[in-house]
Amino acid sequence: MAQIVAVANQKGGVGKTTTSVNLAASLAVAEKRTLLVDMDPQANACSGFGLDKRNQQLTVYNVLLGDASIREVRVRSQFEHLDILPSNTDLIGAEIELVTAFARECKLQGMLNEVRDEYDYIIIDCPPSLGLLTVNALTAANSILIPLQCEFYAMEGLSHLMQTIRLIQKQLNPSLKILGILLTMFDGRNNLSHQVSEEIRAHFGGQVFSSVIPRNVRLSEAPSHGLPVLLYDISSRGAVAYLELAKEIIEAGH
Ligand code: ATP
Ligand code: MG
């Protein structure tokens, strides 16, 4: 049975997609059977693997509307153990088209159940909002991974996210857990990065991953080559950090 992890934070640009892409790749190289679900109409996770969103005939949009199964829509990646469920801008329409649908929050959960036995991990890259797409991801997930950028406003919006998690636990998914808070774009030469990281650890303690993702230019260059950082520069600090994160998650038994 796959562990389903939603990578979510309604704040934009905090490293959700970078984390989804590189964590999924790192789990796959550890020979964990992994499915990466791109739940963002921007389809950045797809581009991170060199998939052109204009070429995707079937996407997670068709899955959510019940027109196609995950088995029909998923595509193979460069990694033997990693499949991708692609997205494109059609997904913007799903938020509106599902408004009147029965159990609209549970569409993804129902579809993922069909393939859950085929994977060890299912990683869901969420869009920067707490709309229906993110709610579908949090309803389907066992846990949420929250990337937080090491900058001054890191915790802004976090109480809103925590409130949403509590609502989902109450009404849709009682077993949803916080897998961990992940500090991203940490700059060791910058005092502010240290301050923010200490503040978050003081506040959230053991809920913060030991692994920290450094600010690393290789991580930002890799997507423009359509490659996860492991295939772009495996010795970079960014690649090493995501391998560490995968190890931490696997060893914690998640
Ligand atoms: P959105 O909310 O738009 O979906 P996001 O939370 O998915 O954004 P990313 O797209 O992963 O965030 O990252 C935002 C930008 O920061 C990207 O240009 C990405 O390449 C860059 N970036 C992410 N993590 C790092 C890092 N550790 N070091 C350097 N650049 C990074
Ligand atoms: Mg993103």
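Keep in mind that what you see is a predicted model, and the values were worked out from it rather than measured. Residue numbers run from 1 in the order of the sequence given. When a ligand or atom number is given, it counts from 1 through the structure's own listing order.
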Open item on the list: Tell me whether atom 18 (O) of ligand 1 lies less than 4.0 Å from at least one protein heavy-atom position.
Closed with: no
TODO: State which residues pass side chain to side chain donor-acceptor pair (under 3.5 Å) with Ser175; sequence neighbours excluded, sorted by chain then number.
DONE: Asn173
Open item on the list: Looking at Ile178, is its backbone amide N or carbonyl O close enough to the side chain of Gln207 to form a donor-acceptor pair, meaning the two atoms are under 3.5 Å apart?
Closed with: no
Open item on the list: Which residue and atom name correspond to the protein heavy atom nearest atom 3 (O) of ligand 1, and how close is it?
Closed with: Gln42 NE2, 3.4 Å
TODO: State, with a plain yes or no, whether a side-chain heavy atom of Leu108 is found less than 4.5 Å away from one of Thr139.
DONE: no
- [ ] Check whether any heavy atom of Gly13 sits under 4.0 Å from an atom of ligand 1.
- [x] yes
Open item on the list: Within the 4.5 Å heavy-atom criterion, are Leu23 and Ile249 side-chain neighbours or not?
Closed with: yes
- [ ] For atom 30 (N) of ligand 1, find the nearest protein heavy atom and state the residue, atom name and distance (0.1 Å precision).
- [x] Ser220 CB, 3.7 Å
TODO: Scan the protein's non-hydrogen atoms and note whether one is under 4.0 Å from atom 15 (C) of ligand 1.
DONE: no
Task: ligand 1 versus Asp40: contacting region, heavy-atom distance under 4.0 Å - done: side chain
Open item on the list: Is it the case that the ring center of His194 lies less than 6.0 angstrom away from the ring center of Phe186?
Closed with: yes
Open item on the list: Out of Pro127, Gly15, Gly238, who is nearest to atom 12 (O) of ligand 1 when you count heavy atoms only?
Closed with: Gly15
TODO: Before accepting this row, confirm whether a basic side-chain N of the pair Glu198/Arg201 lies closer than 4.0 Å to the acidic partner's carboxylate O.
DONE: no
Task: Ligand-side contact atoms (ligand 1) for residue partner Ile213, heavy atom cut-off under 4.0 Å - done: 27 (N)
TODO: Among all protein heavy atoms, pick out the one at the shortest distance from atom 5 (P) of ligand 1; state its residue, atom name and that distance to 0.1 Å.
DONE: Lys16 N, 3.5 Å
Open item on the list: Any atom of ligand 1 sitting under 4.0 Å from a heavy atom of Val14?
Closed with: yes
Task: Close side-chain approach of Lys11 to Lys16, heavy-atom, < 4.5 Å - done: no
Open item on the list: Any N/O/S atom, side chain or main chain, of Gln42 closer to the Mg ion (ligand 2) than 2.8 Å?
Closed with: no
Task: Any donor-acceptor N/O pair, Ser87 side chain to Asp40 backbone, under 3.5 Å - done: yes
Open item on the list: Run the side chain to side chain donor-acceptor pair (under 3.5 Å) test on Glu72 and Ser69 for me, step by step, so that the C-alpha distance in whole Å, both residues' side-chain angles and the decisive distance to 0.1 Å come before the verdict.
Closed with: CA-CA 5 Å; Glu72 292 169 283; Ser69 72; 3.2 Å; yes
Open item on the list: Checking the side chain of Gln56 only, and the main-chain atoms of Pro86 only, is there a donor and an acceptor separated by less than 3.5 Å?
Closed with: no
Task: Within reach of ligand 1, part of Pro223 (heavy-atom separation under 4.0 Å) - done: neither
- [ ] Could you find the nearest protein heavy atom to atom 25 (C) of ligand 1 and give me its residue, atom name and distance?
- [x] Met185 CG, 3.6 Å
Open item on the list: How far is atom 9 (P) of ligand 1 from the closest protein heavy atom, and which atom is that?
Closed with: Thr18 OG1, 3.6 Å
Task: Numbered atoms and elements of ligand 1 in range of Gly12, under 4.0 angstrom, heavy atoms - done: 2 (O)
Task: Protein contact to atom 28 (N) of ligand 1 [nearest heavy atom, distance to 0.1 Å] - done: Asn216 N, 2.9 Å
Open item on the list: Which of the numbered atoms in ligand 1 are under 4.0 angstrom from any heavy atom belonging to Leu219?
Closed with: 26 (C), 27 (N)
Open item on the list: Just so I know, are the side chains of Ser26 and Leu230 near enough to count as touching, which here means a heavy-atom distance under 4.5 Å?
Closed with: yes
Task: Within-shell test, Pro214 vs ligand 1, heavy atom, strictly < 4.0 Å - done: yes
- [ ] Give a yes or no on whether a salt bridge exists between Arg215 and Asp187, defined as a side-chain N under 4.0 angstrom from a carboxylate O.
- [x] no
Open item on the list: Looking only at distances, can you tell me whether any N or O atom of Thr17, backbone or side chain, sits closer than 3.5 Å to an N or O atom of ligand 1?
Closed with: yes
